[in-house]
Amino acid sequence: MSKSKQAKTGLIHKRQKGKKEDTPEAPVPSTSISEEATRQKLKKLDEFMEGVLQKAGPEFLDEFKQVEGE
Amino acid sequence: MKSRIFGTECEYALFHSQGEGKSKSRWEDELLLEHLKGITQYLMSALKVVGYPLAGEFLGNGGRFYIDRGAHPEYATPECASVSDVVAHEKAGDRIVWELAELAGFLLAQAGKTGKLHVFKNNVDAFGTTYGCHENYLVAPRAMESISFIVPFLVTRQIFTGAGRVMKGGTTQTGPFQLSQRADFIDRVFSDRTSQVRGIINLRKREIPRQGQNRRLHILVGDSNMSEYALGLRAGTTSLVLRLLEEDAFHDMPVLESSVEAMKDISRRFDCPVKLENRQGRYNALDIQTIYLEKVHRFFGQHEPGLGEEEILQLWSNTLTGLRKVKISSENWTLEDDPEDLKRRIDWILKLWLINRVQQNKRFDWQDYRLQHLDARYHDLDPVSGIFQRCQELNLTDRMVNDNEIRKAKVVPPDDTRAWTRGMTIQSASGKNVDVIVQNWETIDIVARPKGRSSNHPFDRHRRMVNRLEIKMEDPLVVDHASILEKVRDFVEMWD
């Protein structure tokens, strides 16, 4: 796992706190990284859905009207 | 037929949100049509401004953009010879339509019309009005002789091609959620019309004189898919079944007692049993799909697969295996288990999962009007506000093609069908002293413009009749690019 990828998951910062310079980095289980990445993704998704819901007024159902196609 | 030609035609919904609660619910169809037609004029203006090489409604990538019945913008892909090409070209169509809508939005604003223009790639509005996404397949004459054998396959494939639909005020009779957006609008198995009365298969009268030749099979029953995998599975599995029809390899196939009813029933519950005329016992859509899959498997035990057929067969098999493990609560339409993660590939499963997630977070029940809003937004082509687009960006979906392939498909025609000739003719004549008139999918006229004089010279009409190059491309499988394009270049240079 590259440092940049770890940084994206946010794990690297937690693990570096209070760690001595010469101590080899403890191996990070790949499952916990992928779980954290998934959590982050779902958090972003939920925030996005929240934004969509904010704009979901009842008038949408009145306005979204089409003429029959094929 | 090992070499298949594929194509799709998608109708899109325009939604100009004026944000002032201007209700259209009471608008008569005529007034609404005028309103929508007015917006489409901005789209057509955008098409001229955006700078794609084009000849009338045909584009330099060999596809066609036009305004169809009901003021729906429609994009027809060029003729493609592989599943990945047809997926790339349909997604390219989505992006072209979105680019035009974005530009049309600016033009609307310049004209003082406030609001935001959205385009939805779906099949039904909030009032239950439908618009389609049709598929075309080139088939050998033998397949047409026994075409009814494909019907149970087309009725049941919605378990992986359905785009999902939140039902307005879902009742116990209709259910709150359906697999397919189109199932409720199909009235019969075969029809020669495409509106008001819709068949699973459209038998157009103009195809009948072609008996004995390869023909176009026109399917009306498909949903507008956002997922690339669903698009690929739709085209690929249908093509495999057609291959067996052409080879007369289907015998003792299931026959549905009522295809139209079965289509609606399956849409309401994907494991619903359906009645068969020629078999006892309980069969659901998965069982019927498995019968087709096994026939195709056996066929390829003895026959050489064509381009990409083995991959599609594997994908189909994996999908059915995954669907067997999907569990949905019969009480409240909650996706309880999806161990193969099919939500990454199948639209209705992803949509149901998203809606369940919102229901859990917000305590919404199925009657909540906001769920219908989410349903429409799933199909929004705007990369900023579209829910599917956001899922793709967050890598919550699997891709069948990549962005480079889609970008290329916006401007480059497939090089292994006649679309190449059409597209390259349009590109090479664009901006030259000729008019390119694409009469239809088979014929292009290139007409020289008068040189250095006004166009109302008394002999111009006669000159234009003589100074004209006609290109005929009757067989989509015959690719004779080099000689035709050389003629086009010579003609264009002569008059430039």
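Here is the naming used below: chain letters follow the sequence lines, and residue numbers restart at 1 for every chain.
- The part of B:V384 that comes within reach of chain A is its backbone (N, CA, C, O), which places non-hydrogen atoms under 4.5 angstrom from that chain.
- Ranked by heavy-atom pairs under 4.5 Å with chain A, the first of B:C133, B:S385, B:G128, B:C391 is B:S385.
- No other option in A:E50, A:M49, A:E68 has as many heavy-atom pairs under 4.5 Å with chain B as A:E68.
- Under a cutoff of 6.0 Å and an axis angle of 45°, B:K168 and B:F127 form a cation-pi pair.
- Of the two parts of B:F120, only the side chain, counted from C-beta on, holds a non-hydrogen atom closer than 4.5 Å to a non-hydrogen atom of chain A.
- Under the 4.0 Å criterion applied to side-chain N and carboxylate O atoms, A:K65 and B:D125 are not assigned as salt-bridge partners.
- Taking the centre of each ring, B:F388 and B:Y378 come in below the 6.0 Å mark.
- Residue contact with chain A, scored on non-hydrogen atoms closer than 4.5 Å, is absent for B:H35.
- Side-chain contact between B:H379 and B:Y12: absent, with no pair of heavy atoms (C-beta onward) separated by less than 4.5 Å.
- The pair B:D184-B:R165 meets the salt-bridge criterion, since a charged nitrogen lies less than 4.0 angstrom from a carboxylate oxygen.
- Using a 4.5 Å cut-off between heavy atoms, B:E393 makes no contact with chain A at all.
- Contact annotation for B:L394: both backbone and side-chain heavy atoms come within less than 4.5 Å of a heavy atom of chain A.
- Contacts between A:F64 and chain B at a heavy-atom distance below 4.5 Å involve backbone atoms as well as side-chain atoms.
- Side-chain contact check for B:V119 versus B:D380: every heavy-atom pair is 4.5 Å or farther apart.
- A salt bridge is defined here as a Lys NZ or Arg NE, NH1 or NH2 lying under 4.0 Å from an Asp or Glu carboxylate O, and B:D223 with B:R182 fails to meet this definition.
- In this structure, the portion of B:T129 lying under 4.5 Å from any heavy atom of chain A is its side chain and not its backbone.
- For B:A13, the parts lying under 4.5 angstrom from a heavy atom of chain A are both the backbone and the side chain.
- There is no contact between B:L220 and chain A, counting heavy-atom distances below 4.5 Å.
- Heavy atoms of B:N123 lying under 4.5 Å from chain A are absent altogether.
- Both the backbone and the side chain of B:L33 come within contact range of chain A, with heavy atoms under 4.5 Å apart.
- Side chains of B:L371 and B:F177 form no contact here, defined as non-hydrogen atoms less than 4.5 Å apart.
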